[in-house]
Amino acid sequence: MDMISFQLFLVIMSLIAFIVFIALYFVKAGYGIFRTASWGISIPNRLAWVLMEAPVFLVMCWMWMHSERRLDPVIVTFFLFFQIHYFQRAFVFPLLISGKSKMPLAIMSMGIVFNLLNGYMQGKWIFYLAPEEMYQPSWFASPWFLVGTLLFFGGMITNWHSDYVIRHLRKPGDTRHYLPEKGLYRYVTSANYFGEIVEWAGWALLTCSLSGLVFLWWTLANLVPRADAIWRRYREEFGEAVGDRKRVFPFLY
């Protein structure tokens with residue numbers, strides 16, 4: 001794929017994300033607390049997360065290994081940053097899931113398709129299409145890299161801690177829903193989503209790439225409507241206990 005075709009690909013991905021963003025305000029993604037039988041056959045959450053997230057990890061490995069730039073210091077750094085997230089998401093996070101929750105095959109399949117496309121989108125730019133003079137060692141001292149890296153790892157830590165809070169809301173055998181109140185959950189009802197959004201905002205910044213920006217847009221399009229649905233669900237279940245918490249962006253929305 002040449003640069004013109006790649007740019008068209010980014011436009012198409014952005015338009016699809018817009019459709020997803022609108023649709024998810026009307027149709028709740030059927031996993032987690034919103035899973036219903038209408039979504040069809042489901043499989044255990046642990047297996048579903050591995051099958052859904054592992055493809056992007058493997059695609060990035062393949063594309064990096066076949067790139068002539070694979071040993072460039074900045075390229076290696078980008079690769080490692082990206083893979084840290086997806087190694088945790090594909091091979092660590094699923095092992096930490098407790099309970100017997102399931103994910104519809106339809107949701108998992110859509111996740112696989114997106115992850116394959118996104119892995120290609122990120123890898124194609126970084127490993128093949130980015131101008132060779134762009135990601136030189138001096139990039140490490142650029143404001144893009146420094147600020148982006150802080151956001152990337154700050155968001156990652158926020159996401160991991162928020163997931164930890166959610167996992168420890170219940171005791172073994174308990175199936176009730178609880179309102180998370182630790183960490184950033186004091187300010188928003190979807191602190192884990194806030195962390196992931198910040199993380200990929202950092203990625204878009206530290207790579208200073210349109211592909212990273214499209215990924216951020218997809219993250220927003222997927223998570224912001226779901227955060228709204230979770231906020232409304234918590235309002236129904238816990239009423240005034242939700243207080244003045246926002247949905248996903250502290251003090252804003």
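For the single chain, residues carry numbers from 1 onward in sequence order. None of the values given here were measured: they were computed from a predicted structure.
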Within the distance-only criterion (no hydrogens, no angle test), does the side chain of [X] pair as donor or acceptor with the backbone N or O of [Y] below 3.5 angstrom?
X: R69; Y: I75; answer: no
X: W49; Y: P94; answer: no
X: R245; Y: F251; answer: no
X: Q122; Y: S211; answer: yes
X: W200; Y: L216; answer: no

Face-on cation placement of [X] at [Y] ring, 6.0 Å and 45° thresholds:
X: R70; Y: W64; result: no
X: K124; Y: Y128; result: yes
X: R167; Y: Y164; result: no

Worksheet item: Which class fits the ring pair F81 and F152: parallel under 30°, tilted 30 to 60°, perpendicular over 60°?
Response: parallel
Can you establish whether the number of heavy atoms outside [X] located under 6.0 Å from its atom [atom1] is more than 12?
X: L179; atom1: CG; answer: yes
X: I4; atom1: CD1; answer: no
X: Y25; atom1: OH; answer: yes

Worksheet item: Taking atom types as modelled, is there a side-chain donor on Y193 or R226 under 3.5 Å from an acceptor on the other?
Response: yes
Assert yes or no for the condition that the ring centre distance of [X] to [Y] is strictly below 6.0 Å.
X: F249; Y: Y253; answer: no
X: W160; Y: F93; answer: no
X: F78; Y: F127; answer: no

Item to complete: Check whether any side-chain heavy atom of L252 lies under 4.5 Å from a side-chain heavy atom of K246, and answer yes or no.
Response: no
Worksheet item: Charged N to carboxylate O under 4.0 angstrom, R232 versus E236?
Response: no
Worksheet item: Got a salt bridge between D163 and R89, using NZ or NE/NH1/NH2 to carboxylate O under 4.0 Å?
Response: yes
Worksheet entry | With sequence neighbours excluded, residues passing ring-ring contact (aromatic ring centres under 6.0 Å, His included) with W218 | F114
